[in-house]
Visitor: 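For reference, the structure I am asking about is given below.
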Amino acid sequence: MSFRPLYDRVLVERLESEEKTAGGIIIPDTAKEKPMEGKVIAVGNGSIDENGKVRTLEVKVGDRILFGKWSGTEVKLNGHDYIVMKESDIMGIFS
């Protein structure tokens, strides 16, 4: 892929949600909520602070993250769905 986010933006691939409940009930696509977990695919160079210095991002490629339900902008690149969001939209990193 030849896409590099700018500044403090991050390219995220949304992870798929469960197909059925713990009790075995299959959830149809129309009833599923969009998952709020994703995998970081690409990161920008970082934000520029008031002194003109670049602050590097805390997330890195490959991190599994949690983000807000309405975070970022959905984009389609090379036939895949991604989300471009600011690092501040990310709530945490799974370890």
Side-chain angles (χ1 to χ4, degrees):
M1 176 185 332
S2 60
F3 179 83
R4 183 177 55 90
L6 297 178
Y7 302 111
D8 64 339
R9 288 183 175 78
V10 179
L11 182 69
V12 175
E13 182 177 31
R14 194 183 298 267
L15 297 178
E16 293 299 318
S17 62
E18 293 294 320
E19 297 284 325
K20 56 183 167 178
T21 66
I25 299 172
I26 296 175
I27 304 169
D29 288 340
T30 55
K32 285 184 194 174
E33 285 196 26
K34 291 184 177 181
M36 297 186 306
E37 291 181 34
K39 180 180 174 186
V40 176
I41 303 299
V43 297
N45 292 332
S47 59
I48 300 172
D49 66 13
E50 57 274 351
N51 297 326
K53 294 184 180 179
V54 176
R55 185 191 68 80
T56 58
L57 302 180
E58 291 198 34
V59 296
K60 59 186 179 309
V61 174
D63 282 348
R64 193 168 150 231
I65 60 167
L66 179 70
F67 53 88
K69 187 181 282 191
W70 308 109
S71 298
T73 302
E74 294 184 0
V75 296
K76 185 170 253 189
L77 299 169
N78 298 332
H80 296 288
D81 293 324
Y82 298 101
I83 304 168
V84 177
M85 65 179 68
K86 289 190 168 227
E87 185 186 38
S88 60
D89 291 336
I90 298 172
M91 291 188 256
I93 302 170
F94 291 102
S95 54

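Nothing here was measured: the structure is a model prediction, and the numbers come from that model. Just so you know, these numbers use all the heavy atoms, side chains as well, and skip hydrogens, waters and symmetry mates.
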Visitor: Apply side chain to side chain contact (heavy atoms under 4.5 Å, CB included) to Ser47 and list each qualifying residue two or more places apart in sequence or on a separate chain.
Guide: Asp8, Arg55
Visitor: Go through Glu37 and Arg14 one step at a time and tell me if the salt bridge (charged side-chain N to carboxylate O under 4.0 Å, His left out) criterion holds.
Guide: CA-CA 6 Å; Glu37 291 181 34; Arg14 194 183 298 267; over 6 Å; no
Visitor: Is there a path of hydrophobic side-chain contacts, each under 4.5 Å between heavy atoms of I/L/V/M/F/W/Y residues, joining Tyr7 to Val84?
Guide: no
Visitor: Once you round to the nearest 0.5 Å, how far does CD of Glu58 lie from CD1 of Ile93?
Guide: 6.5 Å
Visitor: In Å and rounded to the nearest 0.5 Å, what is the NZ to CG distance from Lys39 to Leu15?
Guide: 8.5 Å
Visitor: Do the non-hydrogen side-chain atoms of Val40 and Ile65 ever get within less than 4.5 Å of each other?
Guide: yes
Visitor: Rounded to the nearest 0.5 Å, what separates atom CG in Asp81 from atom NZ in Lys76?
Guide: 4.5 Å
Visitor: Can you confirm whether Val75 sits close enough to Phe3 that some side-chain heavy atom of one is under 4.5 Å from a side-chain heavy atom of the other?
Guide: no
Visitor: Are Val59 and Val61 connected, step by step, through hydrophobic side chains (Ile, Leu, Val, Met, Phe, Trp, Tyr) whose heavy atoms are closer than 4.5 Å?
Guide: no
Visitor: I need the Asn78 CG to Ser2 OG distance, nearest 0.5 Å.
Guide: 7.0 Å
Visitor: Is any NZ, NE, NH1 or NH2 atom of the basic residue among Lys86 and Asp89 found under 4.0 Å from an Asp or Glu carboxylate oxygen of the other?
Guide: no
Visitor: Are Leu6 and Ile48 linked, directly or through intermediate hydrophobic residues, by side-chain heavy-atom contacts shorter than 4.5 Å (ILVMFWY only)?
Guide: yes
Visitor: Please check: side-chain N/O of Asp49 versus main-chain N/O of Asn51, any donor-acceptor pairing under 3.5 Å?
Guide: yes
Visitor: Between atom CD1 of Ile41 and atom CG of Leu11, what is the distance when rounded to the nearest 0.5 Å?
Guide: 6.5 Å
Visitor: With a 4.5 Å heavy-atom cut-off, do Leu66 and Phe94 have their side chains touching?
Guide: yes
Visitor: What distance do Asn45 atom CG and Arg9 atom CZ have between them, rounded to the nearest 0.5 Å?
Guide: 12.5 Å
Visitor: Identify the two heavy atoms, one from Glu87 and one from Leu57, that lie closest to each other, and give their separation to 0.1 Å.
Guide: OE1-CD2, 3.3 Å
Visitor: Is the shortest heavy-atom distance from the side chain of Met85 to the side chain of Ile90 under 4.5 Å?
Guide: yes
